[in-house]
Structure formats: C-alpha cells, structure tokens
Amino acid sequence: MKNRFILLVALVILSACNDGTKTSITHQPTVADYVEGEKWVWKYKGVTTEGEVRSDGTDTRKIVKFDGELGMTIGKDTIPVTEIAKPEESETPKYDWPLEVGKKWKYENNWTSQDGTTGNQSQTATVLSFQEETVEAGTFMAYTIEYTGTTSNSRGYSADEKEVWLYAPSVKNFIKLTQDQGYFHYVEELIEYSKP
C-alpha cells in the first residue's frame, strides 16, 4: 500500500503549561535520534465495502548499520537515516514541521506504482489533538492528524479520501492509520516497538 511507506519520521519536544495542561511542539528528528536495533512492527488490513480483503499482513522496519552509517530497513530496501531525517523541500509536505495542535496545511503527493500507474493525492491536513492513545504496542502520547481530500490515478479512478494518522513522537513514527477511500477501508496499527 503506497501510503504505508510515506510516513517515516518524527521527534518531539514536550512541554507543560503553567496550568498543567500538556502541550507539544514537534520538530523533525535528526540522525542522532535513531539508534541501531530500534524496531517497529505494524499489522495492516485493507477491505472493500463488499468484504473483499485486498491487503493483510505485517510491516517491519529496523535501524541497522548500513555502509558505515545507520539505515532503516523497509521491505527489501535499506534507506540511510540521513535521507529519512533530511528536511522535506515541499510547499505541500506530508508533515509541516513543527507540528502542533490546530495547525493546518495542504498536502500533495504524486506517485507511481510498480506497474507504472501514476496517481495524485490532494488533501487538507489538520492536527486535531495531542493526547494518550492506545494501540496493540502500548499507550503513547500521540497527535491525531486528519487528512481529507481526493485521490485519483491514471487508470481513471477518482475518490474522496479521509485518513486519520495517530503519530507518536516518542517512537518517531505513526502508531495507527485509518483510511477510507471510496469503497476501500484500510487500517494499520503498531503492534511492537522496541529499542536497545
């Protein structure tokens, strides 16, 4: 699923207001924020409104030594952490750093699948909250980021789309994704997180 590989980053500075209300401003992580042996495992499942299972499995990423530096394994590939931590140079980014509750921005994504199909996502992103969220891997402070808009591809497909990402700064990644795209419903949830 194309969206499973979009989000790879995040780190955070937490602060508390004088009245005790928790608040957060999250900055993009640096290479130093990752450690060798750090590991994330998600389970995912995508089902049509007619009950047809289109995707069902797990996705594991791990920080390893790679050509003398740190890299993140993604499927059969290993991506240097320097690439993951590099600031995204886009006026319509997936994350508009720093993140904070109430922030809004425009997200655009043009993609090409393995079979050559091209597509586009055009969404409005809104950070709705920062609070405790529980998934199979545990309970984390996480942002709820809602993306609403449309998705289309070169095969003539077009649909309204809504994605809700639960993003936990302490694990530098998302802990849950819920996506509704036309007749398709997709959920991905963190089931394991560990580091040395």
Close side-chain approach of Y44 and D59, heavy atoms under 4.5 Å: yes
Partner set under side chain to side chain donor-acceptor pair (under 3.5 Å) for D96, not counting sequence neighbours: none
Residues Y95, W97; criterion ring pair (Phe, Tyr, Trp, His ring centres under 6.0 Å); working and verdict: CA-CA 6 Å; Y95 285 146; W97 304 102; 5.3 Å; yes
Side-chain donor/acceptor of S90 to backbone N/O of T92, under 3.5 Å: yes
Distance, nearest 0.5 Å, that separates CH2 of W111 from CG of N153: 5.0 Å
Test item: K103 side-chain N/O and P98 main-chain N/O as donor-acceptor pair under 3.5 Å: yes
Geometric class of the W165/F174 ring pair [parallel <30°, tilted 30-60°, perpendicular >60°]: perpendicular
Atom pair OG1 (T48) and OH (Y183), whose distance is rounded to the nearest 0.5 Å: 7.5 Å
Shared-cluster residues of L128, by chain and number - hydrophobic side chains joined below 4.5 Å: none
Results of side chain to side chain donor-acceptor pair (under 3.5 Å) for K65 - residues two or more places apart only: none
Residue pairs passing the salt bridge (Lys or Arg N to Asp or Glu O under 4.0 Å) test where at least one lies in residues 133-155, sequence neighbours excluded: K43-E136, D115-R155, E146-K162
Linked, directly or transitively: Y147 and V101 (ILVMFWY side chains, under 4.5 Å): yes
For residues 72-87, please give each side-chain donor-acceptor pair under 3.5 Å, one per line with the distance, not counting sequence neighbours.
| residue | atom | partner | partner atom | Å |
| --- | --- | --- | --- | --- |
| T73 | OG1 | K62 | N | 3.0 |
| T73 | OG1 | K62 | O | 3.3 |
| E83 | OE1 | K86 | NZ | 3.1 |

Step-by-step side-chain hydrogen bond (donor to acceptor under 3.5 Å, both in side chains) determination, Q123 to E161: CA-CA 8 Å; Q123 301 174 327; E161 183 175 48; 2.9 Å; yes
From CG (L166) to NZ (K176), nearest 0.5 Å: 7.0 Å
Flag side-chain contact, heavy atom, 4.5 Å: E132 against F140: no
Close side-chain approach of W105 to V127, heavy-atom, < 4.5 Å: yes
W42 vs T60 side-chain heavy atoms within contact, under 4.5 Å: no
Nearest atoms (heavy-atom pairs only) where P29 meets K172: CB-CD, 4.4 Å
Between S129 and Y143: side-chain donor-acceptor atoms closer than 3.5 Å: no
With Y193 via ring pair (Phe, Tyr, Trp, His ring centres under 6.0 Å) - residues at least two apart: W40
Under-4.0 Å salt bridge between K94 and E163: yes
Shared hydrophobic cluster for F66 and V31 (ILVMFWY, side-chain gaps under 4.5 Å): no
I175 with M141, same ILVMFWY side-chain cluster at under 4.5 Å: yes
pair I63-K39: side-chain heavy atoms closer than 4.5 Å: no
Between CD on residue E36 and CD on residue E69, distance to nearest 0.5 Å: 12.5 Å
Those residues that, when tested against K106, pass side chain to side chain donor-acceptor pair (under 3.5 Å) (two or more places apart): S122
Separation between CG of D33 and CD of E38, rounded to the nearest 0.5 Å: 9.0 Å
Nearest heavy-atom neighbours spanning P169 and A142: CD-CA, 4.4 Å
Fellow cluster residues of V53, listed by chain then number, with links counted only when side-chain atoms sit under 4.5 Å apart: V47
For the student: nearest non-hydrogen atoms of Y186 and S55, plus distance: CE1-OG, 3.7 Å
Listed partners of E91 passing side-chain contact (heavy atoms from CB on, under 4.5 Å), at least two apart: none
K45 with E188: basic N within carboxylate O range, under 4.0 Å: no
Test item: P93 and Y107 side chains (from C-beta on) under 4.5 Å apart, heavy atoms: no
Set of residues satisfying side-chain contact (heavy atoms from CB on, under 4.5 Å) with respect to T118, sequence neighbours excluded: T112, S154
Co-members of V41 in a cluster of I, L, V, M, F, W and Y side chains, linked at under 4.5 Å: I191
Heavy-atom side-chain contact between N120 and T151 under 4.5 Å: no
Partners meeting side chain to side chain donor-acceptor pair (under 3.5 Å) with E88 (sequence neighbours left out): none
